[in-house]
Amino acid sequence: MPAQSMEELVSLCKRRGFIFQGSEIYGGLQGFYDYGPLGVELKNNIKAAWWRTNVYERDDMEGLDASIIMHRMVLRHSGHEATFSDPMVDNRKTKKRYRLDHLVKDQKPAVQGAVAEAMGQSVENFAALVAAMVKDPARASAALVSAGVRDAFSGEVGDWTEPRPFNMMFKTTIGPVADDDSYGYLRPETAQGIFTNFKNVVDSTSRRLPFGIAQIGKAFRNEITPRNFIFRVRELEQMEIEFFCAPGTDEEWHEKWLAARLAWWEAQGVPREKIQILDVPREDLAHYSKRTYDLMYDYPTLGYEEIEGIANRTDFDLGSHTKGQEELGLTASVLPNEDSVAKLTIAHPDTQKPIVPFVIEPSAGVDRAMLAVLSEAYALETLENGTERIVLRLRPHLAPIKVAVIPLARNRPEIVEKARSVKQELQALGLGRILFEDSGNVGKAYRRHDEVGTPFCVTIDFDTIGKGDDAALTDTVTVRDRDTMSQERVAIKDLANLIRERLR
RNA sequence: GCGGGAGUAGCUCAGCUGGUAGAGCGUCAGCUUCCCAAGCUGAAUGUCGCGAGUUCGAAUCUCGUCUCCCGCUCCA
């Protein structure tokens, strides 16, 4: 049974070193989290599983790792600069929030005129009016109220707050001198790094349509309300694929990727029946999308929320970033681009004519994947003797620690030595982290490793070193299974193969 | 950003109408032929989220601020 509440997960994550609040010793910073000793292992394992499935096990994919800070022209032509910085106002009476420009535009002409007059502007130059209101928010707030700007929700004149710009992108200065032209953005999605490297990848790999580019990396969004542990954060990590295909084949590829992604989640221990597929309504689609499937996972406490979006981005992005747009027959509506120096085309597989391909984008959040994987793995069990144990039933390939090697007595140098050598031997297999565990007693060690999802514990005892009652057990160890709690006696010489097989 | 609730040891929490901080579990060290949070001995850990104010005196009252949780809003 998966986790019932977010709280028990948060508590376990903190207690066992998976996830900590960011900047905690200074009071914390909203929307930022740090991954601890076990968190980083789990996270790396999730990313490795994704890369293995989507890059290594396919014949139509390449990888990429683009920089986080991008030329601001990238985010301008992608449409992010315009849509990421709308000034907003709140109505204190109704608690509703509106985009300032929409709010004023929706008023009667006389009211619009009164707002403009109060700001010393004219309605004709609407952009200048909005700019003036952003520049002098106190005056703007008064103008909205005095002009009688009504709230569409209540139909009454609102008690309007000062307009505040909501810059969803993190802006930063580039180079030591901060002037108006020396700024850039931290990318709000990794996707743009793929689009801007499309030509480089095509030229350096001799790829033909259809093919995709995969990337895992950090992205930054100044979320208004970071909330719900690592579900909505301001610094996140994305696992994104941009899959390029010929127009007309995009819808078929969209369906194929939907199936492929659901299968991947299943393999990570997030079952199909816990995911709902949302065919995003047209009016909710992002500016670049023709159709999007949102995979909605049933998070504890939160209910069904997005874990991955699979979007058909058409030819919008490459079309936006390419030069010579007018001669390429784009289907998407894009802004003119006088800045790009590259033509982002590839040969059509049938006609061999240069075209801007369509793009299917499966985009998953690493942090949300962590949350889902942990939620599904979490179990609180009541044992036969009436005691309880918490166990993370993580798939072995995701477990932060693969095997814990435990000396039964730590005041016996021979046992400790033997345990260390077994640890080294297993570590050399390259399966991941093997931990030498000598704290507490063996029972506590077992329970501790249940709680962090270690699939196997290997215990070295007096029999192992030939000091037990049964000489036949010399050079054998106990292998204890996380899920069944069962134990078996295994010769050390067979241990490596056994562990390797079971961790597969 | 709005409304509600909360913040005391690593975790869960107690601490009255103000009088200088505690428990359980965990952690660490030692002992124990020790296989399912066993036992015994010992130890460490808190600017009571942070900052002001009121007071002779604040974990406790007031204000501000940060963070977390819930509901709105937002999530291109």
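Lettering follows sequence order; numbering is per chain, from 1.
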OP1, OP2 of U33(B) versus side-chain N and O of Arg412(A): anything below 4.0 Å?
-> yes

Let me know, please, whether Phe32(A) or Asp469(A) comes out on the 5' side of the other along RNA chain B by nearest nucleotide.
-> Asp469(A)

Rounded distance (Å) that lies between atom P of C70(B) and atom CD of Glu305(A) = 11 Å

Ignoring backbone atoms, establish whether Asn411(A) has a side-chain N or O less than 4.0 Å from OP1 or OP2 of U32(B).
-> yes

Would you check if Val490(A) and Thr476(A) make a side-chain contact, meaning some heavy-atom pair closer than 4.5 Å?
-> no

Are OP1 or OP2 of C68(B) and a side-chain N or O of Gln21(A) less than 4.0 angstrom apart?
-> yes

Spacing of NZ belonging to Lys218(A) relative to CG belonging to Leu236(A), to within rounding of 0.5 Å = 9.0 Å

Which nucleotide, in any strand shown, forms a Watson-Crick or G-U wobble pair with G10(B), with both distances under 3.5 Å?
-> C25(B)

Would Tyr446(A) count as stacked on C36(B) if the rule is ring centres under 5.5 Å and plane angle under 30°?
-> no

In the structure shown, which nucleotide is the Watson-Crick or G-U wobble counterpart of G71(B), with both distances under 3.5 Å?
-> C2(B)

If you look at every strand shown and take non-hydrogen atoms under 4.0 Å, does Glu451(A) touch a base, only sugar-phosphate, or nothing?
-> base

Close side-chain approach of Met296(A) to Ile275(A), heavy-atom, < 4.5 Å = no

Value in whole Å for how far the C1' atom of G10(B) lies from CG of Leu38(A) | 14 Å

With a 4.0 Å cut-off on heavy atoms, is Glu24(A) in touch with a base, just the backbone sugar-phosphate, or nothing at all?
-> nothing

State, yes or no, whether a side-chain contact exists between Glu8(A) and Tyr378(A) at a heavy-atom distance under 4.5 Å.
-> yes

Below 6.0 angstrom between ring centroids: does that apply to Phe198(A) and Phe244(A)?
-> yes

Checking only heavy atoms, does the side chain of Arg389(A) share a donor-acceptor pair with the base of C36(B) at less than 3.5 Å?
-> no

C74(B) and G1(B): how far apart are their C1' atoms, nearest whole angstrom?
-> 9 Å

So what does Asn228(A) hit on the nucleic acid, given a heavy-atom distance under 4.0 Å: a base, only sugar-phosphate, or nothing?
-> sugar-phosphate

Pairing partner of G51(B) (Watson-Crick or G-U wobble, both distances under 3.5 Å) | C63(B)

Heavy-atom distance under 4.5 Å between the side chains of Ile277(A) and Leu258(A), does that happen here?
-> yes

Are Asp250(A) and Lys290(A) side-chain neighbours, meaning at least one heavy-atom pair lies under 4.5 Å?
-> yes

Please figure out whether Gly468(A) or Leu29(A) has its closest RNA chain B nucleotide nearer the 5' end.
-> Gly468(A)

Are side-chain N/O atoms of His321(A) and Asn337(A) paired as donor and acceptor at under 3.5 Å?
-> no

Looking only at side-chain N and O atoms, does Asn222(A) come under 4.0 Å of OP1 or OP2 in A76(B)?
-> no

For nucleotides U55(B) and C16(B), find the distance between their P atoms and express it as a whole number of Å.
-> 23 Å

Residues in side-chain hydrogen bond (donor to acceptor under 3.5 Å, both in side chains) contact with Asn197(A), at least two apart in sequence or another chain = Asn200(A)

Of the residues in residues 8-20 of chain A, which ones touch RNA chain B at a heavy-atom distance under 4.0 Å?
-> Ser11(A), Lys14(A), Arg15(A), Arg16(A)

Gln30(A) vs C68(B): side-chain N/O to OP1/OP2 distance below 4.0 Å = yes

Is the ring centre of Phe231(A) less than 6.0 Å from the ring centre of Phe229(A)?
-> no

Write down the protein N/O and nucleotide N/O pairs, taken from nucleotides 41-43 of chain B, whose separation is under 3.5 Å; answer none if there are no such pairs.
none

Pair assignment for C31(B), Watson-Crick or G-U wobble, requiring both distances under 3.5 Å = G39(B)

Per Phe462(A) side chain, nearest of listed nucleotides U27(B), U33(B), C36(B) | U33(B)

Between A59(B) and U8(B), how far is it from one C1' atom to the other, in whole Å?
-> 7 Å

